[in-house]
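Notes to accompany the following structure.
One-based numbering along the sequence shown.
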Amino acid sequence: MTASDSWVPFRLPLQLSLYLLAIMTFSFLIHLRSWFSTERQRLHSPNATDRSPTTHPTTTPATEQGMWTVNSAGRLGNQMGEYATLYALAKMNGRQAYILPEMHQQLAPLFRITLPVLSSDVVWSVPWRNYGLHDWMSEEYRHIKGKYVRLTGYSCSWTFYHHLRQEILQEFSFHDHVKEEANRYLAGLRGQRRNVTYVGVHVRRGDYVRVMTKKWKGVVADKAYLEKAMGYFRAKYQEPVFVVTSNGMEWCRENIDTSRGDVYFSGDGKESSPGRDFALLAHCNHTIMTIGTLGIWAGYLVGGETIYLANYMLPDSPFLKIFKPEAAFLPEWIGIDADLSPLQRGTSG
């Protein structure tokens, strides 16, 4: 018997083994591919419950049904206004709303928002029709045409979404760890008080100090306004505690009277992040705002009494062409008129 003849008995089992191994490998690869596809769809689903709030779960939308989005512009208060306006107008017009990744990065770390997120690839590939909004609800916004609409502007008016108030409050409900941190901080201010009432105070300064005077013929809140607003709550509630947040803490420490022992500056008097400041404001019982969308949203979410700076622009201010006070402040809120005399003197607070 030759060497080649001796190999014949072993050839058939070896070929059969290799054939079975190939079948098993192919079957495994098919199963693995199916598993990855299912997992990818689950992670990209807008209803996935195990998302990390700091990473956006991008969605590939059903484009044949169209989609609406909104520009992601400005700071936290602007972003909230844009989100709420998109939410309301898309629902009003029977369209599905999606948000941009930038908006998700701003809002998701704080809130349990539910609108799905577009991937960057989809954002750039869609033939958007930009639709500019002014800062109050108009009848024509109930009949916006187009499958692929991107709302633009800095809309932040309750007139867009107040009919959906409970839904908007749900969208802007805080994550548990944010609520716990805010409530823990407030509890630490209680001291020996038995009937404490927390009043959030938002003092918007920063660029507004210059812009309001130079561009808009307006003023920011001054010392006298804050004294009047805080006096209202001191007269009405037995043990108020004022929690001051601001992007101008040095001014606040110099101009807000702390002699009564009921005023506390968040962050030990240092400017904190807008998200942390807003969480503190939103967990108070009442609100004192000055100007700006963050203060407006604090009052809206808190739902208690809100005092705002009223009539803080001259009658010929160009800002009044794009801003309606009656569309910004709820009717039940309490306005205290600003002192406009610094505009005539050429100075500002």
Side-chain angles (χ1 to χ4, degrees), residues 41 44-49 51 53 55-174 293 296-297 300-301 322-324 327-328 330:
Q41 291 176 1
H44 285 186
S45 168
N47 298 318
T49 58
R51 300 175 187 165
T55 58
H56 60 81
T58 55
T59 300
T60 302
T63 55
E64 67 274 5
Q65 298 177 2
M67 59 185 122
W68 281 23
T69 190
V70 67
N71 58 205
S72 177
R75 290 158 59 101
L76 179 59
N78 293 122
Q79 299 275 343
M80 293 176 69
E82 291 152 12
Y83 183 100
T85 300
L86 169 66
Y87 185 98
L89 292 186
K91 178 170 286 195
M92 197 176 295
N93 285 271
R95 297 292 185 180
Q96 174 60 52
Y98 297 85
I99 60 173
L100 302 179
E102 307 91 276
M103 179 169 286
H104 186 271
Q105 291 167 7
Q106 287 258 10
L107 300 181
L110 282 177
F111 307 116
R112 299 178 181 273
I113 53 175
T114 64
L115 291 184
V117 189
L118 290 172
S119 69
S120 297
D121 292 341
V122 172
V123 173
W124 286 105
S125 64
V126 171
W128 299 108
R129 175 199 172 204
N130 288 331
Y131 191 96
L133 301 172
H134 49 62
D135 199 21
W136 55 88
M137 181 63 187
S138 294
E139 179 61 29
E140 62 265 27
Y141 298 160
R142 301 179 184 276
H143 314 284
I144 300 174
K145 304 298 182 183
K147 290 176 64 175
Y148 307 110
V149 171
R150 175 166 50 198
L151 304 173
T152 64
Y154 289 88
S155 51
C156 183
S157 168
W158 60 269
T159 57
F160 287 106
Y161 46 76
H162 197 53
H163 63 291
L164 300 173
R165 178 176 173 82
Q166 291 308 312
E167 293 181 42
I168 298 301
L169 294 180
Q170 183 61 37
E171 290 294 311
F172 292 138
S173 58
F174 291 89
T293 54
I296 289 174
W297 273 111
Y300 194 82
L301 263 60
I322 58 175
F323 173 81
K324 288 185 177 182
L330 286 171

I want to check something: taking the side chain as every heavy atom from C-beta on, are [X] and [Y] in contact at a cut-off of under 4.5 Å?
X      : Y      : value
Val70  : Thr85  : no
Glu167 : Lys91  : yes
Leu118 : Val126 : no
Leu100 : Val117 : no
Val149 : Leu89  : no
His134 : Lys324 : no
Gln106 : Arg75  : no
Gln79  : Ser72  : yes

Candidate pair Thr114 and Glu171, rule side-chain hydrogen bond (donor to acceptor under 3.5 Å, both in side chains), full reasoning: CA-CA 7 Å; Thr114 64; Glu171 290 294 311; 2.6 Å; yes

Test log, rule side chain to side chain contact (heavy atoms under 4.5 Å, CB included), inputs Lys145 and Arg129: CA-CA 10 Å; Lys145 304 298 182 183; Arg129 175 199 172 204; 4.0 Å; yes

Please check this pair: side chain of [X] against backbone of [Y], looking for a donor-acceptor N/O pair closer than 3.5 Å.
X      : Y      : answer
Asn71  : Gly153 : yes
Asn93  : Tyr141 : yes
Ser138 : Glu140 : no
Trp68  : Gly146 : yes
Trp128 : Thr69  : no
Asp135 : Cys156 : yes

Pairing residues for His162 by the side-chain hydrogen bond (donor to acceptor under 3.5 Å, both in side chains) criterion, not counting sequence neighbours: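 Testing His162 for side-chain hydrogen bond (donor to acceptor under 3.5 Å, both in side chains), a comparison that skips the adjacent residues, returns Tyr300.
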
Chi angles and distances behind the side chain to side chain contact (heavy atoms under 4.5 Å, CB included) call for Phe172, Met80: CA-CA 8 Å; Phe172 292 138; Met80 293 176 69; 3.8 Å; yes

Centroid separation Trp136 to Phe160 less than 6.0 Å: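 No, the ring of Trp136 stays outside the 6.0 Å limit from the ring of Phe160, centre to centre.
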
Polar contact flag, side-chain donor to acceptor under 3.5 angstrom, Glu82-Ser155: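 Side-chain D/A pair, Glu82 to Ser155: absent.
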
Polar side chain donor-acceptor pair, His104 to Tyr83, under 3.5 angstrom: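 Looking only at side-chain atoms, Tyr83 and His104 do not form any donor-acceptor pair under 3.5 Å.
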
Point-to-point distance, once rounded to the nearest 0.5 Å, from CD1 of Ile168 to CG of Leu301: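 The CG atom of Leu301 is 10.0 Å from CD1 of Ile168, to the nearest 0.5 Å.
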
Reported CD1-to-CG distance for the pair Ile144 and Leu151, which is rounded to 0.5 angstrom: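 Rounded to the nearest 0.5 Å, the CD1-CG separation comes out at 5.5 Å.
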
Full working for side chain to side chain contact (heavy atoms under 4.5 Å, CB included) between Met67 and Val122: CA-CA 11 Å; Met67 59 185 122; Val122 172; 4.2 Å; yes

Give the minimum heavy-atom separation between [X] and [Y], together with the two atoms involved.
X      : Y      : answer
Ala97  : Ala90  : CB-CB, 3.7 Å
Tyr161 : Ala84  : CD2-CB, 3.6 Å
Val123 : Pro101 : CG2-CD, 4.3 Å
Gly132 : Thr152 : CA-OG1, 3.2 Å
Tyr148 : Pro127 : CB-O, 3.9 Å

Parallel, tilted or perpendicular, as decided by the 30° and 60° cut-offs, for the rings of Phe111 and Phe174: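 Taking Phe111 first and then Phe174, their aromatic rings sit tilted (interplane angle of 30° to 60°).
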
Side chain to side chain contact (heavy atoms under 4.5 Å, CB included) between Leu76 and Leu110, intermediate numbers included: CA-CA 10 Å; Leu76 179 59; Leu110 282 177; 3.9 Å; yes

